[in-house]
Amino acid sequence: MKTRSYIKDNWIFYLTGSLALFGMKYFYSQATANHFTWILAPTVWWVQALSGIPFHFVPYEGYVNHTRQFVIALSCSGVQFMLITIAALLFPFVHQMDTNRKKLCWTAFAFPCSYVLTILVNVIRILLSIYLPAIMDRYLLQKSPSNPAKLHTLIGTFVYFTSLCIIYHLAGLITRRPFCKFLPPVFFYLFLVLGVPFLNGAMLNSNSQFEEYALLVLIVCLTIVSFFMTGWIIIKKWIKKHKI
């Protein structure tokens, strides 16, 4: 009954968000790097500013540094994370606004906010992807070769999912939503990262690569959620003990 009431009162906002997300997802699947310079260019600018590593744009490929053999391509744009962030900000929170004006403002806020946060998070991920493999090869894995694909997945999943959980709970503080809920960010992340490719037949076409990728993503996400929940339990016990 409660769910039906939410849908009845907020269907226009849910529909607007859904259409926007599906439209952006479809455009992303059909586009090239040339169509996404609006998010790639500012991301690369910050990467260059923070690292001092120059990149130049190659049409239809992305931003390239030949010396390091590193490409910031469309798949590195963070668009998928932006879509996940929009969903995590919009759908769990819009119904908590007590007026349609606030709901409209929150819906409008979710899109530019997700864009800015995506650039910030993606810059962190790219910098880690540049420097961490070299550090690991030099100090940790001198006798055992690293797996670039798995390491790339580990870094991306860790940075993106951790950031999503933090963003979601910061939004929870703003809207006074209970802090220790992880189902919405877990659902939206896994649905767009694993669910959509699965529905598109990734498992049938990847010769077990998708299964390995999915298992790695699930392990990382479960580890992060366990860490957050353990930390929250410790904080609650400390607050209760000291009667704060």
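- Between the OG1 atom of T85 and the CG atom of L164 there is a distance of 5.5 Å, given to the nearest 0.5 Å.
- At a cut-off of 3.5 Å, with distance as the only test, no side-chain donor of N65 or R68 sits close to an acceptor on the other residue.
- Between the side chains of K25 and Q80, a donor-acceptor pair is found at a separation under 3.5 Å.
- Residues V58 and I72 fall into different hydrophobic clusters, defined by Ile, Leu, Val, Met, Phe, Trp and Tyr side chains chained together at heavy-atom separations under 4.5 Å.
- The heavy-atom pair separating V121 from S163 by the smallest distance is CG1-OG, 3.5 Å.
- The backbone N or O of T32 lies less than 3.5 Å from a partner atom in the side chain of H35, making a donor-acceptor pair.
- With contacts defined as side-chain heavy-atom distances shorter than 4.5 Å, the pair F55/F70 qualifies.
- In plain terms, the two heavy atoms of G78 and N122 that are nearest each other are N-ND2, 3.7 Å.
- By the 4.5 Å heavy-atom criterion applied to side chains, M97 and L104 are not counted as neighbours.
- Note on Y26 and Y28: separate hydrophobic clusters, where clusters join Ile, Leu, Val, Met, Phe, Trp and Tyr whose side-chain heavy atoms are under 4.5 Å apart, directly or indirectly.
- Here OG of S77 is found 5.0 Å from CG of L74. Values are rounded to the nearest 0.5 Å.
- W46 and V64 fall into different hydrophobic clusters, where Ile, Leu, Val, Met, Phe, Trp and Tyr residues are linked whenever their side-chain heavy atoms come under 4.5 Å apart, directly or through other members.
- In the hydrophobic clustering, where aliphatic and aromatic side chains (Ile, Leu, Val, Met, Phe, Trp, Tyr) are joined below 4.5 Å either directly or transitively, I219 groups with L215.
- Atom NZ of residue K102 and atom CZ of residue F93 lie 15.5 Å apart, to the nearest 0.5 angstrom.
- The local environment of CZ in F227 is sparse, with at most 12 non-hydrogen atoms from other residues, nucleotides or ligands closer than 6.0 Å.
- A distance of 5.5 Å separates CG of L216 from OG1 of T153, quoted to the nearest 0.5 Å.
- Taking every heavy atom of both residues into account, H152 and S129 meet most closely at ND1-OG, 4.2 Å.
- L90 and L183 fall into different hydrophobic clusters, where Ile, Leu, Val, Met, Phe, Trp and Tyr are joined by side-chain heavy atoms under 4.5 Å apart, directly or via other members.
- Closest non-hydrogen pair, G52 versus P54, comes out as O-CD, 3.5 Å.
- Proximity of V94 to Y14: side-chain heavy atoms (C-beta onward) are separated by under 4.5 Å at one or more points.
- You'll find the side chain of I130 reaches within 4.5 Å of the side chain of V47, heavy atoms only.
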Exercise. Stepwise, does the side-chain contact (heavy atoms from CB on, under 4.5 Å) test hold for H95 with K103?
Worked result: CA-CA 7 Å; H95 64 267; K103 293 175 182 179; 5.6 Å; no
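- By the 4.5 Å heavy-atom criterion applied to side chains, Y131 and S51 are counted as neighbours.
- For the pair C221 and L190, the minimum side-chain heavy-atom distance is below 4.5 Å.
- No continuous path of hydrophobic side-chain contacts links V79 to V71 [ILVMFWY only; heavy atoms under 4.5 Å].
- The side-chain heavy atoms of Y189 and T157, taken from C-beta on, include a pair separated by under 4.5 Å.
- Around atom CZ of F111, more than 12 heavy atoms belonging to other residues, nucleotides or ligands sit under 6.0 Å away.
- Using the six-membered ring where Trp is involved, H66 and H56 have ring planes that are tilted, between 30° and 60° apart.
- Relative orientation of the W38 and F36 rings is tilted, given thresholds of 30° and 60° on the angle between their planes.
- Shortest non-hydrogen contact noted between F57 and N34 is CZ-OD1, 3.4 Å.
- A side-chain donor-acceptor contact under 3.5 Å links N200 to the backbone of V196.
- Put simply, the side chain of Q48 does not reach to within 4.5 Å of the side chain of I53, judged on heavy atoms.
- Note that OG1 of T107 is 9.0 Å distant from CZ of F91, once rounded to the nearest 0.5 Å.
- A 6.0 Å sphere centred on CZ of F22 holds no more than 12 heavy atoms belonging to other residues, nucleotides or ligands.
- V193 pairs with exactly one of Y213, Y160, F161 by the side-chain contact (heavy atoms from CB on, under 4.5 Å) rule, that one being Y213.
- Here the CZ atom belonging to F81 is positioned 11.0 Å from the CG atom belonging to L83, to the nearest 0.5 angstrom.
- The 12-atom threshold is not exceeded at CD of Q69, counting heavy atoms of other residues, nucleotides or ligands nearer than 6.0 Å.
- When all heavy atoms of P184 and P92 are compared, the pair lying nearest together is CB-CG, 4.0 Å.
- Residue L120 shares its hydrophobic cluster (ILVMFWY side chains chained together at separations under 4.5 Å) with no other residue.
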